[in-house]
Amino acid sequence: MSSSLTGKLKAFVFGSPNGPKVYQNLKAADVPVTTAECRSCADPCDQDHDDFSSRLDIDMDSDMLGSVKPYHRQVIISTGKTDWDNEVTEAEGTLAAFLNTANSTLGTSKKPPKSTNDPLPSGLFSHAEAGRLAILNGSHRPFSHDESEGTVIVLPDFMVVSGVPRTLAGAEALWRAAIDPALDRAGVTTRTDNLNTWVLPYSCLILLCSHKRRDKRCAVAAPMLEKTFHQYLEREGWEVHTDLYDLTSEPSLESQASSTTEKEQLIETQLKSLHAEHRALILKNSHVGGHKFAGNCIIYTPRGAGVWYGRVTPHEVESIVKHTIIDGQVLPTIFRGGVDLACRGKKTLYDW
């Protein structure tokens, strides 16, 4: 083993008591993982980072690993806001509430088939083996100027659906077109609705919980993290957006593909090209669970990998940018869990 790698491992081991075990478990599960320290600045900080954790009651003792409830899909609904009712799926007349009803009505009560693969370590799950739909509100604005229509990001598919009516019928159309667990990423090709879909045109999506009415800790953390992510990503030469740009001027997938096979091929081609674009989207979202671990951050890659981090402060952002967003590797010491992270024979979360 080289002296440089030995030094990194020593710093990693002594810097976090849980780090080595998590590292070894992730490595054994074929998850691209790094021994890099999650904090890139000195302690005490010499870079003028605003450490909000010193002013908030953040749980620094509990084990975060395994604190993510598995889901088959996670949807982010456009609202143009950064705070919402306490329970977004119970807010009357909202697309989140309508989609929750549609999912309860149309969704199957059958449990997903048991996996024949080796069980994953704590914190890791495959979306194909989970049945839950996680419904979140997001800070992005809808493409339509008509407030009665929403724009929805579907994950881990890395897809965008626009023109969704804020009605129960609209939610049911969305569910049938793109959310039904029986569907793959391409969804339904031949439809009678007016929904349009695109691949999410970013190299990565960064989600930051900002739900103040649910817990003020996330509301304090999110804007500071957004600012710091923006700073370090631009320093690395990345283009950074804090709102989903309007895709209606671009050809939708429906206009380019006439068959499911053609649509699947088109989607895969577009997804594989995105990492080289060096373009990130940062959105604020509603409660995802684990607010005691604020700041909560989820990073998705075009391949469909989703990494959940907790206890993120501006001190950790530079390392997240360099090691997870750019290099596609997981930082074990702030890892809460993740979806579809195992990729046998691959070096990064971007590899296909």
>> What verdict does the side-chain contact (heavy atoms from CB on, under 4.5 Å) test give for Cys297 and Phe229, after you've listed the backbone C-alpha separation in whole Å, the side-chain angles of each residue and the deciding distance to 0.1 Å?
In response: CA-CA 11 Å; Cys297 171; Phe229 270 110; 4.0 Å; yes
> salt bridge (charged side-chain N to carboxylate O under 4.0 Å, His left out) between Lys284 and Glu226: does it pass, once the steps are laid out?
Replying inline: CA-CA 8 Å; Lys284 300 185 183 76; Glu226 178 188 62; 3.1 Å; yes
> Yes or no on side-chain contact (heavy atoms from CB on, under 4.5 Å) for Arg73 and Arg132, after CA distance, side-chain angles and deciding distance?
Replying inline: CA-CA 7 Å; Arg73 282 193 169 98; Arg132 187 171 70 97; over 6 Å; no
Can you tell me if [X] uses its side chain to pair, donor with acceptor, with the backbone of [Y] under 3.5 Å?
| X | Y | answer |
| --- | --- | --- |
| Thr324 | Val330 | no |
| Lys263 | Ala257 | no |
| Asn196 | Ser162 | no |
| His211 | His287 | yes |
| Arg191 | Ala177 | no |
| Trp198 | Glu250 | yes |
| Asp351 | Thr348 | yes |
| Arg176 | Asp180 | no |
| Ser273 | Gln270 | yes |
| Gln256 | Ser252 | yes |

Let me confirm one number: the [atom1]-[atom2] distance from [X] to [Y], rounded to the nearest 0.5 Å.
| X | Y | atom1 | atom2 | value |
| --- | --- | --- | --- | --- |
| Tyr71 | Leu133 | OH | CG | 11.5 Å |
| Ile135 | Thr94 | CD1 | OG1 | 9.0 Å |
| Leu65 | Asn25 | CG | CG | 7.5 Å |
| Ser78 | Asn137 | OG | CG | 8.5 Å |
| Glu92 | Phe98 | CD | CZ | 8.0 Å |
| Cys204 | Leu281 | SG | CG | 8.5 Å |

Following the transitive rule for hydrophobic clusters with a side-chain heavy-atom cut-off under 4.5 Å over Ile, Leu, Val, Met, Phe, Trp and Tyr, establish whether [X] and [Y] coincide in one cluster.
| X | Y | answer |
| --- | --- | --- |
| Leu271 | Leu266 | yes |
| Leu183 | Ile179 | no |
| Val88 | Ile153 | no |
| Met64 | Val68 | no |
| Leu124 | Leu349 | yes |

Locate the shortest heavy-atom distance separating [X] from [Y]; write the atom from each residue and the value.
| X | Y | result |
| --- | --- | --- |
| His230 | Ile282 | N-CD1, 4.1 Å |
| His140 | Ile77 | CE1-C, 3.5 Å |
| Trp238 | Arg279 | CE3-N, 3.7 Å |
| Asp340 | Pro156 | OD2-CG, 4.0 Å |
| Ala222 | Leu208 | O-CD1, 3.7 Å |
| Ala280 | Leu233 | CB-CD1, 3.9 Å |

Salt bridge flag under 4.0 Å for residues [X] and [Y]:
| X | Y | result |
| --- | --- | --- |
| Asp157 | Arg185 | no |
| Glu37 | Arg39 | no |
| Lys212 | Asp83 | no |

>> Apply salt bridge (charged side-chain N to carboxylate O under 4.0 Å, His left out) to residues Arg344 and Asp30 and explain how you reach the verdict.
In response: CA-CA 5 Å; Arg344 187 182 299 273; Asp30 295 308; 3.4 Å; yes
> When you look at Trp175 and Asn103, which way does the side chain to side chain donor-acceptor pair (under 3.5 Å) test go after all the steps?
Replying inline: CA-CA 7 Å; Trp175 193 94; Asn103 186 58; 2.9 Å; yes
> Which is it for Asp327 and Lys322 under the salt bridge (charged side-chain N to carboxylate O under 4.0 Å, His left out) test, yes or no, and what are the steps along the way?
Replying inline: CA-CA 6 Å; Asp327 292 342; Lys322 288 183 176 180; over 6 Å; no
>> Run the side-chain contact (heavy atoms from CB on, under 4.5 Å) test against Thr101 and tell me which residues pass, sequence neighbours left out.
In response: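 Here the qualifying residues are Thr105, Leu168.
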> Got more than 12 heavy atoms from elsewhere within 6.0 Å of CG, Asp243?
Replying inline: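 Correct, the count exceeds 12.
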>> Tell me whether Arg141 at atom CZ has more than 12 heavy atoms from other residues, nucleotides or ligands lying less than 6.0 Å away.
In response: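 It does not: Arg141 CZ has 12 such atoms or fewer within range.
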> Considering only heavy atoms from C-beta outward, does the side chain of Phe335 approach that of Val307 to under 4.5 Å?
Replying inline: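 In contact.
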> So, do Val199 and Leu274 sit near enough that their side-chain heavy atoms are less than 4.5 Å apart?
Replying inline: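 Side chain of Val199 against side chain of Leu274, heavy atoms only: contact under 4.5 Å found.
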> Have Ser67 and Arg336 got a donor and an acceptor in their side chains that come within less than 3.5 Å?
Replying inline: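 Judged by distance alone, the side chains do pair up.
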>> Side chains of Ser258 and Glu262: any donor to acceptor distance under 3.5 Å?
In response: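 Short answer, yes.
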>> Testing Val154, Leu244, Val152, Leu155 one by one against Ile76 for a side chain to side chain contact (heavy atoms under 4.5 Å, CB included), which residue passes?
In response: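 The residue from Val154, Leu244, Val152, Leu155 that satisfies side chain to side chain contact (heavy atoms under 4.5 Å, CB included) with Ile76 turns out to be Leu155.
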> So, for Tyr300 and Tyr202, is the gap between ring centers shorter than 6.0 Å?
Replying inline: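 Not under 6.0 Å, so no.
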> Given Thr189 and Thr260, is the side chain to side chain donor-acceptor pair (under 3.5 Å) satisfied, shown in steps?
Replying inline: CA-CA 6 Å; Thr189 302; Thr260 300; 3.1 Å; yes
>> I'd like to know whether Glu87 forms a salt bridge (charged side-chain N to carboxylate O under 4.0 Å, His left out) with Arg214, so could you lay out the CA-CA distance, the side-chain angles of the two residues, the decisive distance to 0.1 Å, and finally the verdict.
In response: CA-CA 8 Å; Glu87 291 285 352; Arg214 191 63 182 255; 3.4 Å; yes
> Between Tyr245 and His241, how do the two ring planes meet: parallel, tilted or perpendicular, split at 30° and 60°?
Replying inline: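 Perpendicular, since the angle between the ring planes exceeds 60°.
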> Given the rule in the side chain to side chain donor-acceptor pair (under 3.5 Å) test, do Arg311 and Asn296 qualify, once you have shown the distances and angles that lead to the verdict?
Replying inline: CA-CA 7 Å; Arg311 301 188 184 118; Asn296 280 298; over 6 Å; no
>> Between Val22 and Val33, does the side-chain contact (heavy atoms from CB on, under 4.5 Å) criterion hold? Intermediate values first, please.
In response: CA-CA 10 Å; Val22 178; Val33 62; over 6 Å; no
> Can you check side chain to side chain donor-acceptor pair (under 3.5 Å) on Thr197 and Glu254, steps first, answer last?
Replying inline: CA-CA 7 Å; Thr197 63; Glu254 288 76 14; 2.7 Å; yes
